[in-house]
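One structure is given here, and the rest of the page talks about it.
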Amino acid sequence: MSQHRDLRHLRPAVPDRPSLDGLETKWDQGWSAQGTYTFRLGTPRAEVFSIDTPPPTVSGSLHVGHVFSYTHTDIVARFQRMSGKEVFYPMGWDDNGLPTERRVQNYYGVRCEPSLPHDPDFVPPLEGGQPSAASQDSAASQGKAAKPAGPVPISRRNFVELCQRLSAEDEKQFEALWRHLGLSVDWTQTYQTIDRHARATSQLAFLRNLARGEAYQQLAPTLWDVTFRTAVAQAELVDRDQPGAYHRIGFARVDQTADAAKPADAAKPDPAASPDAAGRVYIETTRPELLPACVALVAHPDDQRYQELFGTRVRVPLFGTEVPVVAHPLAEPDKGSGIAMVCTFGDVTDVIWWRELHLPTRAILGWDGRVLPEAPMGVDSPAGRSAYAQIAGLTVFSARKRVVELLRDSGELVGEPQPITHPVKFFEKGEKPLEIIPTRQWYLANGGTDQALRRRLLARGDELTWYPDFMRVRYQNWVEGLNSDWLISRQRFFGVPFPVWYPVDQFGHPVHDRPIVPAEDQLPVDPASDTPSGYRPDQRGKPGGFIGDPDVMDTWATSSLTPQIATHWRDDQALHESTFPMDLRPQAQDIIRTWLFSTVVRAELEQRSLPFYNAAISGFILDPDRKKMSKSKGNVVTPMGLLEQHGSDAVRYWAASARLGTDAAFEPGQMKVGRRLAIKILNASKFVLSFLAAGAEGAGPLALDPARVTDPLDRSMLATLATVVATATEALEAYDHTRALEVTETFFWTFCDDYIELVKARAHGEAGPEGAACAQTALGLALAVLLRLFAPFQPFATEEVWSWWHHQGQSIHRQPWPTPGELVPDQAAAGDAGVLAVAGGVLSALRKAKSEAKVSMRAELASATVAVPAELTAAAVAAKADIMAAGRTAELVLAASGTETIDLLSATLSPSQ
RNA sequence: GGGCCCAUAGCUCAGUUGGUCAGAGCGCCACGUUUACACCGUGGAUGUCGGGGGUUCAAGUCCCUCUGGGCCCACCA
């Protein structure tokens, strides 16, 4: 060590032409090497700030919206770190679930066929979606996959291997982007939602839920996506407007008594009335193909038209089923004919009627969305069975067409179908309307059925601090609107399996109500390949043996545990206790109902606490048409391309200019401004450091003494900056990064345009050594503070400058956050904050004189008279020498005026001009 | 049907509890070879603060209403 006492030769020189180029790579490597952002294990909870980073879905590509919102979080992280907190800032990758499966199918040209055996030498037919895919852009390659021979069926294990292989590739690219953007993530704290630790955590939480009765199985009507052949949860529903048609169909009354029937039968059908004189009822339906699944007709109990019919039976056209006419308040008298057909199941209302009116089940759709081969109970007549045979095996679409033809032939269709557009429920990732199919599924209590739990969850929503606060309402609305528990099982492949087996009875059937669970220390398990204790592998599927639960968990069932996963609730008690509940959950507004809510549910059930104290909700990015920028549309700009084009600090500046919860326009103009700011920081710093190199050799940025600053203008500048520090700090503490940036930036431009110009001559020594030392110290103090104020926003430019200055190699991002006291140690002797403003105003007046005379700013003025508000003249006089030097004015008269503005009264150019 | 957010200069946006609040930046115009910076600097112009009511001594700022955007929720046969 001692042989390097003179470190000057190691000191990075201030470059002649500072540049932003290459700073991202340089400092990413520097920070990695120094472990600048590595979390120090063992820090007490009170000194930690922990962040529940959203794990991005690696199967998609990152877009500008991600860059936007992750920057917001990084600003918080950097501010907290500099404020003395040890920041726990992990990064997860959401590689679990359907999006990855779908991407793998397209990328490699395969599909999962669970019945196939594993092929250890399998080579996928495609790579990147096409054998010759030129584009690296995953979004572009999606959607036009594997035309040639169709996807190749492969085993579940092969499929999962491909999922993991592709995810790993994506994760590398994502990490590269985040590093380039300058996220101060601790890259030693990463996880994947499909990795061993996340699976074990998911399974452990589930087993605890099961033991406490919060998780349960139920055979029930389930919202079902026929394309993906899986159940979906309420939170994953979206309504989409679809074309459809009302079909008016007549139901004849079943003869009950001979005397009542006779005259009625004589009456002619009258489709205009319902019921008509013969007691025929006309319903309108958009789903005629569900006629064989009809179990009742329902009308409002107060509907006078149907009073006579309640309790009677009618016959379903074509299929001959006899169904009752029943009353229920959900039926709407003014909708259609006021009477509806109840099917098992056409929509969610059918489920309510079915449940509350104790109607029978007549399911006709299978998991693939096709009409089941066997007619349901009740379709017993030869004619009915014959009609059914004509639609068995058809898709819903084809069956509808066929039924309409049959109805038309039989004369039971009244008029022609009336086309309409109506909202239909879809799985948010699906392409076909959802069906409702009775299946056995796992549910988790979420307050949908348990009112006491719902109240607790609402209380947690109140307890949580929201930025901005109005986002709380979205949570409340969602929780208040829940009408069922959370369906967490999915009939998919790439996910966390349920850690459950079932005994197989003597007839070969699984006994679902006696699940076999593993011990907690065995997790994670895969019941499809692992054998429960007490059984032998060869007993799988055999009578008297066991069988694994075939399903995997909903991806939200894992990502709802990100706080528990990231803080290692399961396997590192010390880390968990020093980071949980976490301080911050940053996320997008559209997943409050899913991710945020489900995370609150899991922590409430497991820890009886909030999972995090603060939620910061970022808005969307809007494209120039004011529409949400989505992958399908706005993705012509890739995030990495943006960062390379403008520079990361510039893009961060744009992101930082938008407040939390507010949608922001994609605006390259703002990025150019941000780039200009970063360059300005480099250049202004170069100027300031040119004095300190000579005058304060060896002194670091924090070694300057404000007590040495005596000049009124200098003191005024420092006092003004002190208020900026106070304001920026307060704003950042309140998650208002926009305001912090704004006040800092505004001051910085004044600092550059006015202060630096005013003191330039003096700093060069033109007013003597004392004045020079004073100005130089003030410049240095201001720069040391400004750099730190900018550091969370512009981590690269500020770090670069810091390295020129502070040659011990300490990162600016571990420096203490600036305080007003560094600039104004003694409040009583604080400078007059007005001097800088007035001096700047007078200087502007002199510049205006030159601008109007169309001469260079360097031109000399022989004399000038400037009117200054009387109460400010003293302040102006205090800076008069600096003003004259900066304005190159030989004779300056400061005239006290009664006005409130600073005005140029007269100016005379020097004769030599 | 219910709820939330938004509407301020050509563009993107600030305007905290009603009283220098009519602002900033970009863009635009003019000028300037200025040793921190031409990825620059200096100066300048720009608005019935969506419409209409109301409260008040005073309203972008509070209340009502209308219009136009965006988003979320809902049991739309």
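The basis for the numbers below is simple: all heavy atoms, side chains too, and nothing from hydrogens, waters or symmetry mates. Residue numbers begin at 1 in each chain, while the letters A, B, ... track the order of the sequences.
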Taking any heavy-atom pair under 4.0 Å as a contact, classify [X]: base, sugar-phosphate, or nothing.
| X | value |
| --- | --- |
| A:Glu742 | sugar-phosphate |
| A:Gly338 | base |
| A:Lys848 | sugar-phosphate |
| A:Thr349 | sugar-phosphate |
| A:Cys343 | nothing |
| A:Arg659 | sugar-phosphate |
| A:Asp753 | sugar-phosphate |
| A:Trp749 | sugar-phosphate |

Could you tell me how far apart A:Leu682 (CG) and B:C37 (P) are, to the nearest whole angstrom?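 Spelled out: CG on A:Leu682 to P on B:C37 is 13 Å.
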Can you tell me whether the base of B:G60 sits syn or anti, using the 90° cut around 0 to define syn?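 Base orientation relative to the sugar is syn.
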Is there a donor and acceptor pair, one atom on the side chain of A:Asp663 and one on the base of B:C6, closer than 3.5 Å?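 Check fails, no donor-acceptor contact within cut-off.
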Would you say the side chain of A:Arg675 and the base of B:C39 hold a donor-acceptor pair, judged only by whether the two atoms sit under 3.5 Å apart?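 Answer is yes: a donor-acceptor pair is held.
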Under 4.0 Å: is that the gap between some side-chain N or O of [X] and OP1 or OP2 of [N]?
| X | N | value |
| --- | --- | --- |
| A:Thr286 | B:A77 | no |
| A:His646 | B:C39 | no |
| A:Lys760 | B:A36 | yes |
| A:Arg676 | B:C26 | yes |
| A:Asn683 | B:C40 | no |
| A:Thr746 | B:A24 | no |
| A:Arg17 | B:A38 | yes |
| A:Arg858 | B:G41 | no |
| A:Arg593 | B:C73 | yes |
| A:Lys850 | B:G43 | no |

Expressed in whole Å, how much space separates the C1' atoms belonging to B:U8 and B:U46?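 Going atom to atom, C1' in each nucleotide, I get 14 Å.
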Hey, what's the ring geometry for A:Phe687 with A:Phe691, parallel, tilted or perpendicular (30° and 60° as the breaks)?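 Rings of A:Phe687 and A:Phe691: perpendicular, as their planes differ by over 60°.
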Can you tell me which nucleotide in [options] comes closest to the side chain of [X]?
| X | options | answer |
| --- | --- | --- |
| A:Glu757 | B:C37, B:C75, B:G43 | B:C37 |
| A:Trp478 | B:G3, B:G43, B:A74 | B:A74 |
| A:Thr285 | B:A77, B:U42, B:C75 | B:A77 |

Give a yes or no on this: more than 12 heavy atoms of other residues, nucleotides or ligands lie within 6.0 Å of atom CD of A:Glu644.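 Yes, CD of A:Glu644 has more than 12 neighbouring heavy atoms, counting only those of other groups under 6.0 Å.
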Count the heavy atoms of every other residue, nucleotide or ligand shown that sit under 6.0 Å from CZ of A:Arg240, and state whether that count exceeds 12.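 Counting neighbours around CZ of A:Arg240, more than 12 heavy atoms of other residues, nucleotides or ligands fall under 6.0 Å, so yes.
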B:U46 - base-pair partner by Watson-Crick or wobble geometry, distances under 3.5 Å: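 By the stated definition (distances under 3.5 Å), nothing pairs with B:U46.
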Does the structure show a Watson-Crick or G-U wobble partner for B:C21, both distances under 3.5 Å? Name it, or say none.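 Checking every strand shown, B:C21 finds no partner, since no pair has both distances under 3.5 Å.
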Can a donor-acceptor pair be found, under 3.5 Å and without considering hydrogens, that links the side chain of A:Trp354 to the backbone of A:Leu359?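 It does hold such a pair.
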Which comes earlier along RNA chain B counting from the 5' end, the contact point of A:Ile756 or that of A:Ile420, where each point is its nearest nucleotide?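 On the 5' side of the pair lies A:Ile756.
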Interatomic distance, A:Gln794 atom CD to A:Glu745 atom CD [nearest 0.5 angstrom]: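 Output value for this atom pair is 8.5 Å.
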